[in-house]
Amino acid sequence: MSSAGRNLDGVTIRLRFAPAPTGYLHLGSARTALFNWLYARHMGGELILRIEDTNAELASPELIENIYDSLNWLGIDWDGEPVRQSERRDLYNEAVEQLLVSGRAYQDDGAVRFRVPETGVTSWDDVVRGHVTFENEHVEDFVIRRSDGSATFFIANAVDDLDLGITHVVRGEDLVNVTPKVILLRHALGEATTQTFAHLPLIVNEQRKKLSKRRDDVALEDYRARGYLPAAMRNYLALLGWGPPDDIEVRPIDEIVDMFELSDINKAAAAFDVKKLTAVNAEYIRMLDHADLAAKIRPYVDTKSWGASVSDEQLLAVVPLVRERAKILEEAPDIVDFLFLHEPEFDEASFEKALATNEAACPMIDAAVEAYGVVEWTADALHARTLELAQANNLKLGKAQAPIRVAVTGRTVGPPLFESLELLGRAETLRRLGAARAMLADLPS
RNA sequence: GCCCCCAUCGUCUAGCGGCCUAGGACACCGGCCUUUCACGCCGGCAGCACGGGUUCGAAUCCCGUUGGGGGUGCCA
């Protein structure tokens, strides 16, 4: 029989992710969920999803649906049905009554407060932070039941962790100060043991401040919308406060599960670096096969008003051109928009440099128009033919193709020219070359 | 104010007393490749906050200083 998922006493390792439904999943919460999941899976234990909606306004179905949706997107699953605190009021009430009867809590004006001991200390061994101690005299008598009769976070938390048999509490460092309260409650409720706690370092912004909704993009869905891949996000999040011992950062999640240990987590806050996230994302995009990438880019393409719609075949054909260039899905359409726009606009600087002030522009375009009229319409043939034109004009291919590129795409920078021309087609290529040539002829000299 | 905590390149990290003239990644800067860009490859810049200890030996242990953060709700 396997001992996986059990500690030395034979008790199943059980963790919980306990978000408050605020309408979106905060990046910090996503990381907390991920670390809980990684450890649960690493240990072969269980992960409970517990919705902390003791506050009535948080108990709305849409808000809760958002949590499921975000976790699903990230690939974080949980065991059993989600636990809703709003459905467990009786349990909390019993606990409050018990504390009232035992004298560990008292009725204040309106609310019920827990009576924190005046002396002594409450402490625990935190897997991340070491031994943490609070003097009881500095912990205030806190509310466990509001005047409207509802239970607060503290009592719900203590009761549920007890009732659900939670063995490991992995959460953000912003909750360290509530830990003594929860431990005090748990003990007052008659439980002798203390769970294992691991308080994760905060995720901060460039200013080293806690990620805030006002200043920063804190919602997971913000990134999802822009085309960050869930596997990339999850991989990157795992790197915030933890690092693989072998220095290989971008890797399959299974390997991270294998290596993940709570005791390896750092104490210092970690800054969320979009640039690195983006680099990781780009790597994941490059790992996608063409059909998969095409399907993922589709929604972003459909957003564009390019006139005609883009067929699946066209999209698939274009994928090799964007694969190495798009760092996030959202960028993909703009990389190849000139293929689908009827009249791509000229980038002003590109027009000046490669066409208006370029002596080679007219000769090259004229030569291209003539040659492209009869050349075999493949990237290879176009490449070979253009190379000949370049040599005839005493130019390197890079210089020679610049005016053609700008005339056809509008910019000096873009995907490989001949592949692009092949996709664009002979007629449209010649049309654009002709139009650009006419503009140059009209230019005052 | 009062509690609690943190400190390795700009950023994320490796390091857990000798393998460290501190390793990797992102970003940045060069170069190569090349059909522009990108990808890829090669190279470079850059860090143990400071001061005291302990020790034969400290990025690693202890103390202090400085700097930074979190919490102080009948939110969670």
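Labels below follow one simple rule: chain letters A, B, ... track the order of the sequence lines, proteins then strands, and each chain is numbered from 1.
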Nearest-angstrom distance, [atom1] atom, [N] to [M]:
| N | M | atom1 | answer |
| --- | --- | --- | --- |
| B/rU55 | B/rC29 | C1' | 42 Å |
| B/rC48 | B/rU11 | P | 12 Å |
| B/rA7 | B/rU65 | C1' | 13 Å |
| B/rA46 | B/rG24 | P | 14 Å |
| B/rG18 | B/rG73 | P | 46 Å |
| B/rG23 | B/rC39 | C1' | 26 Å |
| B/rC26 | B/rG43 | P | 14 Å |

Classify the nucleic acid contact of [X] as base, sugar-phosphate or nothing, counting any heavy atom under 4.0 Å across all strands shown.
| X | result |
| --- | --- |
| A/H199 | nothing |
| A/A402 | nothing |
| A/N136 | nothing |
| A/L239 | sugar-phosphate |
| A/P415 | base |
| A/R411 | nothing |
| A/T278 | nothing |
| A/G172 | nothing |
| A/R208 | sugar-phosphate |
| A/R145 | nothing |
| A/N266 | sugar-phosphate |
| A/L387 | nothing |
| A/E135 | nothing |

Check if the side chain of [X] and the base of [N] share a donor-acceptor pair of N or O atoms closer than 3.5 Å.
| X | N | result |
| --- | --- | --- |
| A/R129 | B/rC5 | no |
| A/E249 | B/rG24 | yes |
| A/S147 | B/rC74 | yes |
| A/D247 | B/rG23 | yes |

Given A/D161, which partner from the list A/R171, A/R186, A/R50 fulfils the salt bridge (Lys or Arg N to Asp or Glu O under 4.0 Å) test?
A/R50

Taking [Y]'s backbone N and O only, do any of them form a donor-acceptor pair with [X]'s side chain (distance below 3.5 Å, no angle check)?
| X | Y | result |
| --- | --- | --- |
| A/R426 | A/G373 | yes |
| A/T196 | A/H168 | no |
| A/S86 | A/D53 | no |

Heavy-atom nearest nucleotide on RNA chain B taken for A/F134 and for A/A269; more 5' hit belongs to A/F134

Can you work out whether A/Q207 or A/E52 has the more 5'-proximal nearest nucleotide on RNA chain B?
A/Q207

Write down the partner of [N] under the Watson-Crick or G-U wobble criteria, each distance required to be under 3.5 Å.
| N | result |
| --- | --- |
| B/rU55 | none |
| B/rU72 | B/rG1 |
| B/rA7 | B/rU66 |
| B/rC19 | none |
| B/rC33 | none |
| B/rA14 | none |

Rounded to the nearest Å, what distance is computed from the [atom1] atom of residue [X] to the [atom2] atom of nucleotide [N]?
| X | N | atom1 | atom2 | answer |
| --- | --- | --- | --- | --- |
| A/L202 | B/rC12 | CG | C1' | 16 Å |
| A/E173 | B/rC6 | CD | C1' | 7 Å |
| A/L200 | B/rC5 | CG | P | 17 Å |
| A/D347 | B/rC37 | CG | P | 15 Å |
| A/Q107 | B/rC74 | CD | P | 14 Å |
| A/E324 | B/rU34 | CD | P | 17 Å |
| A/K210 | B/rG68 | NZ | P | 19 Å |
| A/E331 | B/rC37 | CD | P | 18 Å |

Identify the heavy atoms of A/P201 and A/I265 that sit nearest to each other, and give their distance.
CD-CG2, 3.7 Å

Identify the heavy atoms of A/I335 and A/L321 that sit nearest to each other, and give their distance.
CG2-O, 4.3 Å

Nearest-neighbour nucleotide for the [X] side chain, [options] considered:
| X | options | answer |
| --- | --- | --- |
| A/K275 | B/rA76, B/rC26, B/rC12 | B/rC26 |
| A/K327 | B/rC39, B/rC74, B/rG70 | B/rC39 |
| A/V413 | B/rA38, B/rC37, B/rC26 | B/rC37 |
| A/V132 | B/rC4, B/rU36, B/rC37 | B/rC4 |
| A/R146 | B/rC3, B/rA76, B/rU35 | B/rA76 |
| A/K276 | B/rC16, B/rC12, B/rA38 | B/rC12 |
| A/A270 | B/rA76, B/rC12, B/rC2 | B/rC12 |

Exercise: do A/T194 and A/H187 side chains pair donor with acceptor under 3.5 Å:
yes

Between [X] and [N], is there a contact of a side-chain N or O with OP1 or OP2 at under 4.0 Å?
| X | N | result |
| --- | --- | --- |
| A/K209 | B/rG69 | yes |
| A/R286 | B/rG40 | yes |
| A/T54 | B/rA76 | yes |
| A/K267 | B/rG69 | no |

Salt-bridge contact A/R224-A/E221 (side-chain N to carboxylate O under 4.0 Å):
no

Is any side-chain N of the basic residue among A/R145 and A/E97 closer than 4.0 Å to the acidic one's carboxylate O?
yes

So CG of A/N36 and CG of A/L49: to nearest 0.5 Å the spacing works out to 10.5 Å

